[in-house]
K.L.:
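Structure incoming, see below.
Along the sequence shown, residues carry numbers from 1.
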Amino acid sequence: MKFFKYLAIALAAMTMVACSDDEPKKIDFTREFNMIYPQLPAGHKMISKIERSQENGGSSVAVVEYDANNHVSKITATYHDKTGAETNKEIINFDYKNGAIICEKKIQPVTYSFEVNAQGAFTRLTNVSSSRTVAGLAYDYSNHMEYAQVVNPSYTTLTTNGWADGRLDYWKVSDINHSDSVAYDYTTSVPNKAGIDINSNNPFTFTIIVCEVLRNAGYYGATSATLPGAVLKNGTEDPETHQLVLKRYNISYILDSDGYITSYTTSEVPKTTVKYTYR
């Protein structure tokens with residue numbers, strides 16, 4: 001019942017590319033808003049830069065700026081294809097006075113208003129121009145994201161996250177057209193001291209690299225307490241059982257002398273390496 005209570009007011013339009021709502025121009029938006037900022041755990045480190053690079057040449061970079069109170073003020077994300085050509089660049093500004101996120105990019109800028117829970121995590125994002133809710137999220141009592149529901153005129157998408165002992169065990173996503181799931185293996189694991197995003201986590205509304213910044217900043221709730229040694233994804237269908245066979249992709253981490261992750265690499269093809277620079 002808690003899920004429907006929170007999500008009844010927060011249905012959304014799924015956008016798996018950053019700031020990709022149908023918005024003709026930047027919108028000036030003002031309202032009375034009382035921002036609650038996330039309370040991050042001791043030892044947490046804020047990210048100033050994330051670099052994602054694939055073995056086939058594709059890459060993306062997010063540079064993060066902070067205000068005088070150490071809150072994210074701006075994200076500049078740049079994306080390149082396999083040839084190294086820039087495919088997109090977006091600048092995302094945060095307006096905490098009015099509770100808004102202003103996304104500027106070459107083709108379709110968009111402004112979102114947002115609501116937060118008592119721990120400062122997003123519970124709703126709304127397109128200011130169309131007044132449509134574009135993301136609704138619900139959390140458990142430990143501020144772990146349990147559900148995210150998004151809706152457009154054609155279908156509804158629901159993501160369910162499973163948590164155990166403070167770590168993300170799996171997520172499942174489904175809509176009228178398809179379903180997918182990812183599970184994590186913690187047989188070998190490392191502590192998530194900096195509070196970085198977990199590999200292959202499902203993004204919401206923004207791109208993967210932007211969601212990594214938002215999760216590190218606490219806007220998608222608490223991060224996984226530990227990071228897994230492998231990710232399990234659906235692979236090809238077994239011809240006898242007609243069930244999807246899980247494929248295992250190992251994750252290798254590089255830590256600094258204090259135990260913070262500076263980079264990780266997955267064995268998935270194409271191999272992806274993610275590097276972190278902290279403030």
Side-chain angles (χ1 to χ4, degrees), residues 36-52 62 64 66 70-72 75 77 92 94 101 114 116-123 125 135 137-148 159-173 181-186 188-232 251-256 258-266 272-279:
I36 300 172
Y37 295 99
Q39 298 298 310
L40 302 173
H44 184 98
K45 280 191 176 184
M46 303 297 283
I47 290 171
S48 61
K49 188 177 184 180
I50 303 175
E51 302 168 87
R52 297 181 62 90
V64 191
Y66 295 82
N70 296 319
H71 303 129
V72 176
I75 304 171
I92 304 172
F94 292 76
I101 301 173
F114 60 83
V116 296
N117 63 15
Q119 289 77 44
F122 293 148
T123 57
L125 293 167
L137 309 107
Y139 303 81
D140 64 18
Y141 290 108
S142 298
N143 205 32
H144 294 119
M145 186 193 297
E146 288 188 304
Y147 305 99
T159 297
T160 304
N161 293 330
W163 297 83
D165 299 323
R167 67 188 187 191
L168 181 61
D169 272 358
Y170 67 86
W171 58 261
K172 298 178 180 179
V173 62
S181 63
V182 166
Y184 297 99
D185 184 344
Y186 290 89
T188 60
S189 63
V190 296
N192 190 10
K193 294 180 66 175
I196 64 173
D197 197 10
I198 198 167
N199 174 256
S200 297
N201 208 348
N202 197 30
F204 305 103
T205 304
F206 305 97
T207 57
I208 291 174
I209 199 166
V210 172
C211 283
E212 285 190 271
V213 175
L214 296 176
R215 285 194 171 96
N216 173 254
Y219 293 125
Y220 279 142
T223 54
S224 185
T226 55
L227 297 170
V231 56
L232 305 174
I251 309 169
S252 59
Y253 298 92
I254 296 178
L255 288 69
D256 66 15
D258 296 317
Y260 290 92
I261 305 297
T262 59
S263 70
Y264 70 77
T265 300
T266 71
T272 299
T273 297
V274 182
K275 297 180 180 180
Y276 298 94
T277 303
Y278 302 105
R279 295 189 72 200

K.L.:
Quick one: are Ile198 and Trp171 in side-chain contact, heavy atoms under 4.5 Å?
P.N.:
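Heavy-atom side-chain distance check fails, nothing below 4.5 Å.
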
K.L.:
My understanding is that only residues two or more places apart in sequence, or in another chain, count here; which of them pass side-chain contact (heavy atoms from CB on, under 4.5 Å) with Tyr170?
P.N.:
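With sequence neighbours excluded, Tyr170 shows a side-chain contact (heavy atoms from CB on, under 4.5 Å) to Lys172, Ala183, given in chain and number order.
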
K.L.:
Looking at Tyr260 and Gly43, would you say the former's side chain and the latter's main chain have a donor-acceptor pair under 3.5 Å?
P.N.:
yes

K.L.:
Can you measure from OG1 (Thr205) to CZ (Phe122) and round to the nearest 0.5 angstrom?
P.N.:
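So the OG1 of Thr205 and the CZ of Phe122 are separated by 9.5 Å.
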
K.L.:
Has the side chain of Tyr264 got a donor or acceptor atom that lies under 3.5 Å from a matching backbone atom of Thr272?
P.N.:
no

K.L.:
Using a 4.5 Å cut-off on heavy atoms from C-beta on, say whether the side chain of Val72 contacts that of Ile92.
P.N.:
no

K.L.:
How long is the span from the OG1 atom in Thr262 to the CG atom in Leu255, to the nearest 0.5 Å?
P.N.:
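Reported value, rounded in 0.5 Å steps: 7.0 Å.
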
K.L.:
Please identify each residue that fulfils side-chain contact (heavy atoms from CB on, under 4.5 Å) with Thr273, with sequence neighbours left out.
P.N.:
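Testing Thr273 for side-chain contact (heavy atoms from CB on, under 4.5 Å), a comparison that skips the adjacent residues, returns Ser53, Thr265, Lys275.
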
K.L.:
Considering only residues two or more places apart or on different chains, which pairs with a residue in residues 189-211 satisfy salt bridge (Lys or Arg N to Asp or Glu O under 4.0 Å)?
P.N.:
Asp197-Arg215

K.L.:
Holding to ring pair (Phe, Tyr, Trp, His ring centres under 6.0 Å), I want the full list of residues that pass it with His144, two or more places apart in sequence or in another chain.
P.N.:
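For His144, the residues satisfying ring pair (Phe, Tyr, Trp, His ring centres under 6.0 Å) (neighbours in sequence not counted) are Trp163.
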
K.L.:
My understanding is that only residues two or more places apart in sequence, or in another chain, count here; which of them pass side-chain contact (heavy atoms from CB on, under 4.5 Å) with Gln119?
P.N.:
Asn117, Asn143

K.L.:
When you look at Ile50 and Asn216, which way does the side chain to side chain contact (heavy atoms under 4.5 Å, CB included) test go after all the steps?
P.N.:
CA-CA 11 Å; Ile50 303 175; Asn216 173 254; over 6 Å; no

K.L.:
Identify which one of Asp140, Thr160, Thr159 satisfies the side chain to side chain contact (heavy atoms under 4.5 Å, CB included) criterion when paired with Tyr147.
P.N.:
Thr160

K.L.:
Would you mind listing every salt bridge (Lys or Arg N to Asp or Glu O under 4.0 Å) that reaches into residues 219-231, with sequence neighbours excluded?
P.N.:
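Output for this query is empty, none listed.
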
K.L.:
Once salt bridge (Lys or Arg N to Asp or Glu O under 4.0 Å) is applied, what residue pairs with a partner in residues 219-231 remain, sequence neighbours excluded?
P.N.:
none

K.L.:
Tell me every residue that passes side-chain hydrogen bond (donor to acceptor under 3.5 Å, both in side chains) with Thr266, counting only those two or more places apart in sequence or in another chain.
P.N.:
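Residues passing side-chain hydrogen bond (donor to acceptor under 3.5 Å, both in side chains) with Thr266: none at all.
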
K.L.:
In the structure I gave you, are the side-chain heavy atoms of Ile251 and Leu227 within less than 4.5 Å of one another anywhere?
P.N.:
no

K.L.:
If the condition is side-chain contact (heavy atoms from CB on, under 4.5 Å), which residues does Ala225 pass it with, not counting sequence neighbours?
P.N.:
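For Ala225, no residue satisfies side-chain contact (heavy atoms from CB on, under 4.5 Å) once neighbours in sequence are set aside.
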
K.L.:
Is any side-chain heavy atom of Thr123 closer than 4.5 Å to a side-chain heavy atom of Leu137?
P.N.:
no

K.L.:
Only distances under 3.5 Å count here; give the side-chain donor-acceptor pairs of residues 217-224 to other protein atoms, sequence neighbours excluded, each with its distance to 0.1 Å.
P.N.:
| residue | atom | partner | partner atom | Å |
| --- | --- | --- | --- | --- |
| Tyr219 | OH | Tyr96 | OH | 2.9 |
| Tyr220 | OH | Phe204 | O | 2.8 |
| Ser224 | OG | Leu168 | N | 3.1 |
| Ser224 | OG | Tyr186 | OH | 3.4 |
| Ser224 | OG | Thr226 | O | 2.8 |

K.L.:
Enter the distance from Leu214:CG to Ile101:CD1 here, rounded to the nearest 0.5 Å.
P.N.:
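Taking CG in Leu214 and CD1 in Ile101, the distance rounds to 6.5 Å.
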
K.L.:
Taking all atoms of both residues into account, what is the closest heavy-atom pair of Ile208 and Pro203, and its distance?
P.N.:
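Where Ile208 meets Pro203 most closely, the heavy atoms are CG1-CG, 3.9 Å.
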
K.L.:
Do Tyr184 and Ser189 come within less than 4.5 Å of each other through their side chains, counting heavy atoms only?
P.N.:
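The answer is no, as the side chains (C-beta and beyond) never meet within the 4.5 Å cut-off.
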
K.L.:
Let me confirm one number: the CE-CG distance from Met145 to Asn202, rounded to the nearest 0.5 Å.
P.N.:
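That separation rounds to 9.0 Å.
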
K.L.:
Begin from the C-alpha positions of Asn161 and Tyr139 and carry the test side chain to side chain contact (heavy atoms under 4.5 Å, CB included) through to its verdict.
P.N.:
CA-CA 10 Å; Asn161 293 330; Tyr139 303 81; over 6 Å; no

K.L.:
Is there a side-chain contact between Tyr276 and Ile254 (heavy atoms, below 4.5 Å)?
P.N.:
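Tyr276 vs Ile254: side chains apart.
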
K.L.:
Just jot down the salt bridge (Lys or Arg N to Asp or Glu O under 4.0 Å) partners of Asp256, sequence neighbours excluded, or say none.
P.N.:
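Applying salt bridge (Lys or Arg N to Asp or Glu O under 4.0 Å) to Asp256 gives none.
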
K.L.:
With a 4.5 Å limit on heavy-atom distance, are the side chains of Phe94 and His71 in contact?
P.N.:
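No, too far: nothing below the 4.5 Å cut-off.
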
K.L.:
Going by salt bridge (Lys or Arg N to Asp or Glu O under 4.0 Å), name the pairs with one or both residues in residues 200-212, residues two or more places apart or in two chains.
P.N.:
Arg52-Glu212

